[in-house]
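Heads up: the structure comes next, in structure tokens.
All values below come from the heavy atoms of this structure, side chains included, with hydrogens, waters and symmetry mates left out. Counting begins at 1 with the first residue of the sequence.
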Amino acid sequence: MSNPFVQIVEPLDATQPLKKFFNLSKLEDVRYARLPFSIRVLLEAAIRNCDEFLVKKQDVENILNWKVVQHKNVEVPFKPARVILQDFTGVPAVVDFAAMRDAVKKLGGDPEKINPICPADLVIDHSIQVDFNRRSDSLQKNQDLEFERNKERFEFLKWGSQAFKNMRIIPPGSGIIHQVNLEYLARVVMDQDGYYYPDSVVGTDSHTTMVDGLGVLGWGVGGIEAEAVMLGQPISMVLPEVVGYKLLGNPQPLVTSTDIVLTITKHLRQVGVVGKFVEFFGPGVAQLSIADRATIANMCPEYGATAAYFPVDDISIGYLVQTGRDKEKVLCTKKYLEAVGMLRDFKNSSQDPDFTQVVELDLHTVVPCCSGPKRPQDKVAVSDMKKDFETCLGAKQGFKGFQIAPDWHNSIVKFNFEGCDFELSHGSVVIAAITSCTNTSNPSVMLGAGLLAKKAVEAGLTVKPYIKTSLSPGSGVVTYYLRESGVMSYLSQLGFDVVGYGCMTCIGNSGPLPDSVVEAILQGDLVAVGVLSGNRNFEGRVHPNTRANYLASPPLVIAYAIAGTVRIDFEKEPLGINASGKKIFLKDIWPTRNEIQAVERQFVIPGMFKEVYQKIETVNESWNALDAPSDKLYTWNPKSTYIKSPPFFDGLTLALQTPKTIEDAYVLLNFGDSVTTDHISPAGNIARNSPAARYLTSRGLTPREFNSYGSRRGNDAVMARGTFANIRLVNKFIDKQGPQTVHFPSGETLDVFDAAERYKQAGHPLIVLAGKEYGAGSSRDWAAKGPFLLVSNSSKVGGGEYLEVHSFFQDE
């Protein structure tokens, strides 16, 4: 059927009649001008894709009538412009596509019909680990190890890029997915198949929202949803409420974008925005760069919203120019957005749309802060860090407590590292990582860290050699401007050498700590600390031996590394004492906003972006040398421990199967609140005493070859064993943290996988009891697939077995 809105199609430029767009201003509906800008993107997609089959005219009416319909729990379809994946979540998606082709062939169909229709980019950024640091060749050595460990995965992905249409791979060593998206992949306005329309994206990583800071509506979805979108299906979503977040005033001189986002995260957690869009407006937005906005949008999953949208304005257009986008395309982008009423002037309050609710933040009230020790929403002012940590030490075990007996609060453990004697205590920093797209995409905080490092070195300050320091930029552009501005050498002198281009410490790829440090931590049962410029610090995520982890701006990461502890009051206590005996305080070396802005104006230039990104798909020689199969059907290797044909399509028939009823079920696990996807399906290290480790050992692997759970998401046998394998899991059935539960028929305490196997063999259905926020986080596909596999007979997955999770809400 033809599109019922074809009458509003017109050329954007009369001299190019084949380049058209749906001119929403021609709807002549007064409701359009009152819609939040984020909802206008949903409306345009519905109008452009309206076919009275997948997208109906009533769906368009529902979106236009958002002000009324938003409270009625009405579902609408949304077809995003593109899909983005990273390799941890992208590998299982490509595995599923390969298995779908096999299944279609078995059913007598054409396997090549299984092919992405919606364009997809897969950025390989989650595989590199911090195995080497504090040396000039750390980058090369870590990249060499990355290829040694992941060669099989990379060959599989390269096969996928050749076997499937509309799938582009950005090779390892290029940067972090969301920063590459922001600086290179994002179009803001699409020019495809003869039409202009708003860029929009869903991704298999919850921090896909980062690109909302540029005015590209996007959010994270599970791998299964992403696969459906790639196959041309719309996302079915409840038309969301939109919380207007009004920014006022100007930030104080010492405040960074990290401080702002941590403040917003705590605020919006208190407001309650789960399942809602947040749209930023107000004159304060005009004071923020696109990098600042992207930092705020990046942590959208941490404050619980679906999207955190900054409509496009002239600063957004300027960013496209700064990052080297084609000038003609930038002009078309602005012209299109003006024509459809989607170009925002944040200083013009007459443009403010209707919102479900409005909350405000005066940027001048924001103070330097961190978040932790176990959750990103637990903001702590830097001035309160020492007191807060010491309170947490003795507090009851929980999000803000470690339950250390008072007599042990000042415990000290001596140890030797590389021939020198050192001491560790509660609060000692053992990991300091400038990492994650959250902050490494932002020149102001990265140059701020570099200038602070320069002043620290010139003042005679150092970082203790046992602290695992690292710098993992989100793109080559960062290294470029750090080097050109002259601060890179000072970062290196403090131990912050470039160790790789990828998520690294933020995703849990922090690599091993020195043996003597680990032994000291275990000997004293110490609450050791990781400080990172990331977006997540859930228990067990960053490193098994850092029980406390704090999110901080890059300059503060360096400051705490120099101090060597979080038990310091920077206002009253010096960072250190130089060789002359002079006390050096943080205020003595903290760069001013004017200093940072002057360096940024001089060194962050379009030529850098063009030079880095014009060769991004070909610069990695190791990737170019990979030999990938050319067959359209993948040849599965039964000996592989990385890539395995999944059981989800086994027993698939053309007829629908009836789900089984759950009766007489046992409770496998009993949780409280905030059991995240990191608890359900961890991405980090595979513990040597875990079911997954035993499986890999039985396949002839040594612990050195285990790699991480995230890297093995293409193998369901590993992932089933890794479900609920987080070492910090709190199960009410047992009296200690760990991935274990009680097998009630025998009374034995077993690893979760082993208990589930016992129940499955006996034919017992299972349920999990969980509190609120069960499943918050990313990688939701394996958070669903893993529990499903715990109770499924792999040869009869289609038979309708289930592990049901009953999530209930507790009063706080």
Side-chain angles (χ1 to χ4, degrees), residues 540 641 644-648 650-651 657 659-672 675-682 685-699 701 703 706 709 712-713 715-771 774-775 781-808:
T641 56
K644 178 177 175 290
S645 181
F648 306 116
D650 293 352
Q657 299 182 33
K660 293 180 180 178
T661 302
I662 298 176
E663 296 178 350
D664 300 324
Y666 280 88
V667 179
L668 180 64
L669 294 153
N670 185 6
F671 295 134
V675 175
T676 70
T677 53
D678 279 344
H679 293 102
I680 303 165
S681 186
N685 294 332
I686 297 174
R688 295 187 180 192
N689 60 346
S690 65
R694 293 195 292 273
Y695 169 80
L696 292 172
T697 301
S698 73
R699 302 297 298 268
L701 274 65
F706 286 172
Y709 283 113
R712 294 191 179 274
R713 284 179 176 160
N715 186 317
D716 60 274
V718 175
M719 296 309 296
R721 288 165 173 81
T723 302
F724 300 116
N726 189 302
I727 61 170
R728 302 296 178 195
L729 194 73
V730 177
N731 174 16
K732 295 179 182 180
F733 288 152
I734 56 176
D735 57 4
K736 61 179 181 180
Q737 288 184 333
Q740 293 188 314
T741 194
V742 175
H743 177 251
F744 284 102
S746 67
E748 294 180 66
T749 297
L750 303 171
D751 288 327
V752 174
F753 175 79
D754 295 335
E757 283 291 289
R758 289 256 196 111
Y759 284 121
K760 183 164 64 176
Q761 289 165 9
H764 295 308
L766 294 170
I767 63 171
V768 169
L769 300 179
Y774 175 88
D781 58 333
W782 270 112
K785 290 175 178 176
F788 173 70
L789 289 175
L790 286 184
V791 296
S792 296
N793 182 329
S794 62
S795 65
K796 297 181 180 177
V797 170
E801 295 89 344
Y802 295 94
L803 182 147
E804 188 159 311
V805 177
H806 290 269
S807 186
F808 54 90

Spacing of Lys732 atom NZ and Leu769 atom CG [to the nearest 0.5 Å]: 8.5 Å

Spacing of CG belonging to Leu790 relative to NZ belonging to Lys785, to within rounding of 0.5 Å: 14.5 Å

So, for [X] and [Y], which heavy atoms are closest and what is the spacing to 0.1 Å?
{"X": "Ile767", "Y": "Ala665", "answer": "CG2-CB, 4.0 Å"}
{"X": "Gly775", "Y": "Thr677", "answer": "O-CG2, 3.4 Å"}
{"X": "Pro765", "Y": "Gly763", "answer": "CD-O, 3.6 Å"}
{"X": "Leu729", "Y": "Pro739", "answer": "CD2-CA, 4.1 Å"}
{"X": "Leu668", "Y": "Ala755", "answer": "CD1-CB, 4.3 Å"}
{"X": "Gly540", "Y": "Asn726", "answer": "CA-OD1, 4.3 Å"}

Flag side-chain contact, heavy atom, 4.5 Å: [X] against [Y]:
{"X": "Phe753", "Y": "Thr723", "value": "no"}
{"X": "Ile734", "Y": "Val742", "value": "yes"}
{"X": "Pro682", "Y": "Tyr709", "value": "yes"}
{"X": "Tyr774", "Y": "Thr676", "value": "no"}
{"X": "Ser681", "Y": "Met719", "value": "yes"}

Under 3.5 Å: donor-acceptor pair, side chain of Asn731, backbone of Phe733: yes

Any donor-acceptor N/O pair, Trp782 side chain to Arg713 backbone, under 3.5 Å: yes

Whether Phe671 and Phe724 hold their rings parallel, tilted or perpendicular, with breakpoints at 30° and 60°: tilted

Trace of the salt bridge (Lys or Arg N to Asp or Glu O under 4.0 Å) decision for Asp716 with Lys644: CA-CA 7 Å; Asp716 60 274; Lys644 178 177 175 290; 3.0 Å; yes

With Leu701 via side chain to side chain contact (heavy atoms under 4.5 Å, CB included) - residues at least two apart: Thr641, Leu696, Arg699, Glu705, Phe706, Arg712

Ring centre gap for Tyr666 and Phe744 strictly below 6.0 Å: no

Contacts of Arg758 that satisfy salt bridge (charged side-chain N to carboxylate O under 4.0 Å, His left out) - sequence neighbours left out: Glu748

Atom CZ of Arg694 with >12 non-hydrogen neighbours under 6.0 angstrom: yes

